[in-house]
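From a predicted model like this one, the values you see are computed outputs, not experimental measurements. Values below: all heavy atoms of this structure, side chains included; hydrogens, waters and symmetry mates excluded.
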Amino acid sequence: HRHSQRRLTPPSYKPPTRRKGLLPQHSSIIHPVLFPTRASYSEAALARLHILRGTTTHYTIVENPAHHIMSQFHVRPLKKPRGLHTNDTIHKSIRLCPLTIEILDTPQLQRLRKLKQLGTSEYTYVNANHTRFEHSLGVAHLSEEILNRIRKEQPALEITDLDVVCVKIAGLCHDIGHGPFSHIFDGDFRKQMGVAVKNKAWMGRAFDVSVYEGLRELPDGWAHEDDSLMMIDAMLRGLGLAIDEDHLDLPLKQIGDGVDAQQFGIVDSSSGKFVAMTSRDWIFIMECIAGGPLPKNGMSIDTLKNSLERVEYVGRIDPNKEFLYDVVSNRHSGFDFDKGDYLARDKFYCFGFKGFEQSVLARLFDNACVAWGTCANPKKCFRCKHNSDARGEPVAGKHLTICWPQKIMPTVREFFRERFQHHLAIYRHPTTQACSFMICDILLLADPFFTLSTENEMNGHGEDDPILYLPISRTNLNPNSYWRLDDSILDLIHKSTDPNLRPARQLINRLKSRKLYKLCGEVDIENEAWENELWHMAEDDIVSKLLKVSDCSAEAPIDMEEYFIIVEKRSIHHGMGATDPVSCVRFVQDQTDLIKGPHRLPTAAQLKVPSCLTPCSFLMKTIRVYCRLDNDDVALHLQMCFTKLIESLKHGETRSKPPSQLHHERVNSSLSIEEDDTSDGHDEFNAHSEFNVLTQSPTLSPIVERIPTPRSTKHSIEFNLYRRAVKRRIEDDM
């Protein structure tokens, strides 16, 4: 046997010929040999798996002359050879192929059933309790349908069944690395964890940092997409498979009991032959999720995107296949079918939307095509940023990308506007944010005392690491502990008997009693100097100024503590920050050439959007102040302090301005709307109270605009927008 040993997948290996309709036979003997290192894994795979320490098992094959591939592992074919259909609220019916079902039935995917898509939005909209599991199914369905439609309309692109199923799996697995409560875990929780560890205190209590000694930190810029890559590797190991980066074009490496690597694939519809998925296919899936090439060891996806390192795609190296990467995560314009599904799904559960057919995405779905387009952001494109002109500026190259006809441009605008409205009314709603801050505090109070195990209890071929117990904030160091973390963590903390978790349990009781953090004030940031000064202040500096205002207040003395105050800087945009996202979308003028081959396809261009369809700004910035303490007097005092801080910033700006500018602003100040303080609190009077807006133009007689007073909060977003619209209208008349 010693002389007949060879590697599992040598470069000269060729898969055995298969008779049509027959699956390959396996009868080789694999002998495990223990080594102190992990040579059977590439370093990049180890980095994604976050293995802390230990040994692994290597395999050699004793070749049997009668068969090409033989194995002592207990392998099986796919579970459902015929596939099935499942019903969906948005897409009515979703087809699941046998390969999709096998992936769907893994613990890593099933974990998404216990992750709510909108996190704490159910405290604002009672029906917003759908999960990331159904959203992932929806993205997989849309990815498959859009590629099948493009393949039918543009057959010269040569989209294969394997291309379609890879993008479909990418849509299915794109959220597999999400933490609990939407973006709280990899957002505010991680940010505030750094503050708590630095200060060794949180919410006025000591914070034990000794539990983090010896545990490494996550790389800078780490996000849930990085965790998705880790979870995909763990999912494949649970199936007895692994990516072999040394032999990308061969089937996955068989490393244990589970699915047969030779039968882990699909039947090609054109040839009728069975095609096994290769390691290159799974790297392609990961690249679709990452929105670009995969990072190297110890580097996050975001860090790679912001670096100057030269990288390229590995999954699909043919430039004529580049448009496949735009389906799940579009790096050019942000217009992808992940957003398409969650916008339609969230609108249904929050506002009673009727279905996909009546959504904005349905019209876009029916008109999508593939053409060449000039790069929309060459400074960030991993290809274009290395091609510079004489001035050193990146030169925008051309990419084969998903485009739309020119007539669809208003619908594209509506898609991005709908995204903005969802962030305004759902994702960043004051009640939703208050609950998010509470859950973040609960997790921080519990983190030093609540741990999750890294033990692999599902199957016997996990890592040989010693069993560790990781705190909540470090669970994504190991896939075995991370798949145990979901929205049920609050229930586990609430039902615990550990006296150290009593503060966290008390805050959970307050959340369940709906005694939420109170919004004490907000200010919209526009172009005024004092507003920009406030926006560029750090949150801690704003808190310090509020405490100073409180100390100097002549009102009844209230002992304000720093942890009473939460400052939120809310930034809402249409998808590309302050940039118009429609300018990053490419539109085709002549659709007659779309049936040609990739090299003869037309070039889609950027359209000049009419001013009547363009908002005056694509970025809305707001600063909000919340009160943690469940005390109306403290909340009212904080509201007064915030108002005084705003006034002091305004006056500080006024004193520094020249007299001519002061005169101009005094003239315009008469356009501001102030509340009528003559109300005696009776509903009959409030129903008829009004604001008077008097224009003082020297050429026009005064024009009185009568505006009804809002019945509810004086800081309502709708009222502020209405007030500004009236002010702009009067200024235009002047």
CZ-CZ distance between Arg345 and Arg132, expressed to the nearest 0.5 angstrom:
12.0 Å

Answer yes or no: are there more than 12 heavy-atom neighbours, outside Glu158 itself, under 6.0 Å from its atom CD?
no

Result of checking Lys168, Arg280, Arg316 against Asp163 for salt bridge (Lys or Arg N to Asp or Glu O under 4.0 Å):
Arg316

Rounded to the nearest 0.5 Å, what's the gap from CG on Leu142 to CG on Leu137? Could you check?
11.0 Å

Could you check whether atom CD of Gln589 has more than 12 heavy atoms from other residues, nucleotides or ligands sitting under 6.0 Å from it?
no

How about CG on Asp590, more than 12 heavy atoms from neighbouring residues, nucleotides or ligands closer than 6.0 Å, or not?
yes

Give me the atom names and distance for the closest heavy-atom approach of Ala604 to Arg586.
CB-CB, 3.6 Å

CG of Leu236 to NZ of Lys253: how many Å apart, nearest 0.5 Å?
12.5 Å

Could you measure the distance from the CG atom of Asp341 to the CD atom of Glu134? Nearest 0.5 Å is fine.
9.0 Å

His135 side chain to Asp338 side chain, donor-acceptor N/O pair below 3.5 angstrom
yes

How long is the gap from CG on Asp326 to CD1 on Ile146, to the nearest 0.5 Å?
11.5 Å

Candidate pair His224 and Asp227, rule side chain to side chain donor-acceptor pair (under 3.5 Å), full reasoning:
CA-CA 5 Å; His224 71 271; Asp227 291 326; over 6 Å; no

Parallel, tilted or perpendicular: which describes the rings of Phe420 and His574, with under 30° parallel and over 60° perpendicular?
parallel

For atom NZ of Lys114, is the number of surrounding heavy atoms from other residues, nucleotides or ligands below 6.0 Å larger than 12?
no

Should we say atom CD1 of Ile317 is surrounded by more than 12 heavy atoms from elsewhere, each under 6.0 Å from it?
no

Side-chain donor-acceptor pair present, Ser300, Asp302, cut-off under 3.5 Å
no

Tell me whether the guanidinium CZ or amine NZ of Arg383 lies under 6.0 angstrom from the six-membered ring centre of Tyr313 and within 45° of its axis.
no

To the nearest 0.5 Å, atom NE2 of His599 lies from atom CH2 of Trp372 at 7.0 Å

Can a donor-acceptor pair be found between the side chains of Arg113 and Gln110 at a distance below 3.5 Å?
yes

Donor on one side chain, acceptor on other, Asp346 and Tyr427, under 3.5 Å
yes

Check whether any side-chain heavy atom of Glu153 sits under 4.5 Å from a side-chain heavy atom of Ile150, and report yes or no.
no

Between Thr401 and Tyr325, do the side chains contain a donor N or O and an acceptor N or O under 3.5 Å apart?
no

Correct closest heavy-atom pair for Cys288 and Ala170 would be CB-CB, 3.7 Å

Side chains of Gln117 and Tyr342: is there a donor and an acceptor less than 3.5 Å apart?
no

Ring centroid separation for Phe618 and His573, is it under 6.0 angstrom?
no

Hydrogens and angles aside, do Asp336 and Ser329 bring a side-chain donor and acceptor to less than 3.5 Å of each other?
no

